[in-house]
Amino acid sequence: MSLDAFLDDEELISRIGELRKKRNAVILAHSYERPEIQDIADYVGDSLELSRLAARTDADVIVFCSVHFMAETAKILSPQKIVLLPAAEAGCPLADMITPTQLEAEKEKHPGAGVVAYVNCSAEIKAMADVCCTTANAVQVVEAMPQDDILFVPDQYLGRWVQTQTKKNIILWAGCCPTHQRMKVKDILDLKKEYPAAVVVVHPESNGDICDQADAILSTSQMLRYCQASPASTFIIGTEMGMLHRLRRAMPEKTFLQPSKGLICPNMKMTQLEDVYESLKELRHPIEIPEPIRLKALKALDVMLAAVPTK
Ligand code: SF4
């Protein structure tokens with residue numbers, strides 16, 4: 001066993017800092033990552049926010065503390081950079097709920113439909129889509145499509161929410177995020193009884209019954225801005241528990257409550273300080289995407305960015 005296995009957190013954080021400089025690296029962490037990973041990151045945000053940051057940075061190495069499809073998105077946008085996924089096995093069950101073969105068959109069933117792929121999918125699926133979208137811009141992307149029929153993959157709940165906001169005909173794919181599906185209406189109602197003035201904010205990957213209880217349905221980056229701008233002091237946050245750390249850090253004077261203790265994405269919690277250290281030390285787990293797939297996936301992302309420029 002290597003002596004590195006006995007390093008305590010303080011020593012790991014110090015070595016990560018040294019390696020970050022030596023490698024000219026930037027460390028990015030999704031809002032659902034463990035608190036100690038968010039705390040050492042240069043930037044914390046949602047997947048597209050971070051990928052766009054990764055494309056703009058002059059760092060040579062991007063350590064993307066997240067799950068596979070997110071690091072892939074960074075590589076699609078920044079092919080010349082080394083993009084590392086510290087926990088190689090961190091995947092996303094939602095992204096795995098559609099394969100290229102399944103999407104091909106679905107496209108054949110709906111030949112006139114435009115294909116919109118939520119960014120929570122593999123590079124292969126992005127490459128087969130007309131355009132990508134995020135939770136923050138899904139409605140605008142769908143509205144900008146020339147087709148009236150839209151095949152929306154892979155998250156059915158985000159697709160259902162989009163359907164409530166547009167006259168287009170949304171053809172849903174039956175994927176879902178298992179973490180958000182653990183939230184129950186009763187969890188929110190029980191907390192509302194205890195904190196009647198609390199504002200309920202939920203992520204659109206939640207099911208419709210949950211969304212019906214919400215004062216606002218927002219992506220993680222929108223949640224941060226919404227809570228900062230709101231005069232309210234107490235919020236019930238219906239998304240993965242890592243987001244509460246980000247909100248509490250940004251607004252220590254406000255109270256953020258979690259409706260259910262089960263709102264944990266096991267994949268987002270795989271990355272530990274040791275993984276970040278090892279990935280920087282050994283340039284471990286670089287993301288590679290075949291160039292023809294990367295170029296097609298880039299086109300779908302570019303169409304989205306052209307249709308809906310993000311801040
Ligand atoms: Fe995938 Fe859901 Fe985990 Fe996000 S929270 S990575 S959508 S399983």
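All ligand and atom numbering here is 1-based and tracks the order in the structure.
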Look at [atom] and say which protein heavy atom is nearest, naming residue and atom and giving the distance to 0.1 Å.
atom	value
atom 4 (Fe) of ligand 1	Y32 CE1, 4.1 Å
atom 1 (Fe) of ligand 1	C92 SG, 2.3 Å
atom 8 (S) of ligand 1	P93 CD, 3.4 Å
atom 3 (Fe) of ligand 1	C265 SG, 2.4 Å

Within the 4.0 Å heavy-atom shell around N120, which atoms of ligand 1 are there?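 Listed by number with element: 7 (S).
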
Near atom 1 (Fe) of ligand 1, is there an N/O/S atom from C177 that is less than 2.8 Å away?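 Under 2.8 Å: C177 has no N, O or S contact with atom 1 (Fe) of ligand 1.
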
I'd like to know if the side chain of N24 pairs up with that of D60 as donor and acceptor (distance under 3.5 Å, no hydrogens or angles considered).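 Short answer, yes.
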
Residues N267 and H68: side-chain donor-acceptor under 3.5 angstrom: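 Looking only at side-chain atoms, H68 and N267 do not form any donor-acceptor pair under 3.5 Å.
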
So, 4.0 Å and heavy atoms of E205: is ligand 1 close enough to count as a contact?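 Yes; E205 lies near enough to ligand 1 that a heavy-atom distance drops under 4.0 Å.
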
Output yes when a side-chain donor or acceptor of Q258 lies under 3.5 Å from a complementary backbone atom of S260, and no otherwise.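 Side chain of Q258 to backbone of S260, a donor-acceptor pair under 3.5 Å: yes, one is there.
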
Quick one: does any side-chain atom of E278 pair with a main-chain N or O of D275 as donor and acceptor, under 3.5 Å?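 The answer is no, because no donor-acceptor pair under 3.5 Å joins these two groups.
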
Using 0.5 Å steps for rounding, measure from the CD atom of E33 to the CD atom of E240.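 So the gap between those two atoms works out to 8.5 Å.
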
Would you call E104 and K107 a salt bridge, taking side-chain N to carboxylate O under 4.0 Å as the test?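 Here E104 does not pair with K107 in a salt bridge, since their nearest N and O are not under 4.0 Å apart.
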
